[in-house]
S.K.: 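Here you go, one structure.
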Amino acid sequence: MEVLLEIALSLIFEGCAEAAGNRKLTPWIRYPAIVLVSAFVLAVLGLVGFVGVVMITSGDSVFSICGGLLLLGLDVFLLLKGIKRLKTEAHRYRKHETEL
């Protein structure tokens with residue numbers, strides 16, 4: 001049962017990711033796909049940040065504090081990298097629209 005769920009979610013997520021990047025599709029399909037992919041990515045990043053904060057606040061040992069800081073650092077890095085990519089894609093999209 002777990003394997004079937006994993007395959008189904010994988011197909012849905014990969015289909016949404018491909019649909020989000022395909023400009024030939026109608027916006028009625030593409031925009032909800034972008035929202036679903038974005039919501040999934042933000043949920044994963046939020047979970048990583050939450051786990052990092054919980055590890056730091058528990059403070060049982062030096063390893064949990066270092067692990068929490070590592071997770072928070074990874075979370076911030078991925079957020080900044082994603083924002084940079086969004087800006088790059090938006091700039092490329094605007095440039096493509098003005099050429100048409």
Side-chain angles (χ1 to χ4, degrees):
M1 185 67 179
E2 183 179 324
V3 174
L4 292 176
L5 182 64
E6 181 180 345
I7 291 172
L9 288 177
S10 174
L11 286 173
I12 291 170
F13 183 71
E14 288 178 13
C16 286
E18 288 294 322
N22 191 352
R23 293 182 187 212
K24 293 180 182 179
L25 286 176
T26 179
W28 290 100
I29 296 172
R30 197 173 49 181
Y31 293 157
I34 290 171
V35 168
L36 285 174
V37 170
S38 299
F40 178 76
V41 169
L42 288 175
V44 169
L45 288 175
L47 185 63
V48 169
F50 176 73
V51 169
V53 168
V54 167
M55 285 178 72
I56 290 171
T57 56
S58 70
D60 293 338
S61 67
V62 174
F63 295 115
S64 72
I65 293 173
C66 289
L69 289 173
L70 183 68
L71 283 176
L72 281 179
L74 177 69
D75 195 37
V76 169
F77 172 75
L78 290 174
L79 281 172
L80 293 176
K81 193 76 169 165
I83 290 170
K84 182 180 177 185
R85 183 167 180 198
L86 282 175
K87 285 183 179 180
T88 305
E89 290 292 326
H91 178 68
R92 188 167 37 188
Y93 182 76
R94 285 190 210 115
K95 184 178 179 183
H96 178 71
E97 289 294 318
T98 57
E99 290 175 355
L100 294 179

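The figures here come from the full heavy-atom set of this structure, side chains too, leaving out hydrogens, waters and symmetry mates.
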S.K.: Between M55 and V48, is there shared hydrophobic-cluster membership here, with clusters defined by ILVMFWY side-chain heavy atoms closer than 4.5 Å?
M.R.: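 The answer is yes; both residues are in one hydrophobic cluster.
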
S.K.: Going by side-chain hydrogen bond (donor to acceptor under 3.5 Å, both in side chains), name the residues that satisfy it together with T26, two or more places apart in sequence or in a different chain.
M.R.: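 With neighbours one apart ignored, the set is empty.
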
S.K.: Hydrophobic clustering (ILVMFWY, side-chain heavy atoms < 4.5 Å, transitive) - are L74 and L45 grouped together?
M.R.: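 Yes, one cluster joins them.
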
S.K.: Using 0.5 Å steps for rounding, measure from the CG atom of D75 to the CG atom of L71.
M.R.: 8.5 Å

S.K.: Are I56 and V51 connected, step by step, through hydrophobic side chains (Ile, Leu, Val, Met, Phe, Trp, Tyr) whose heavy atoms are closer than 4.5 Å?
M.R.: no

S.K.: Grouping I, L, V, M, F, W and Y whenever their side-chain heavy atoms are under 4.5 Å apart, do V37 and L42 come out in a common cluster?
M.R.: no

S.K.: Let me check something: do F77 and V41 share a hydrophobic cluster, defined by ILVMFWY side-chain heavy atoms less than 4.5 Å apart, either directly or through other members?
M.R.: yes

S.K.: Which pair of heavy atoms, one from S64 and one from S58, lies closest together, and at what distance?
M.R.: OG-OG, 4.1 Å

S.K.: Hey, could you give me the CD/CG distance between E6 and L4, rounded to the nearest 0.5 Å?
M.R.: 10.0 Å

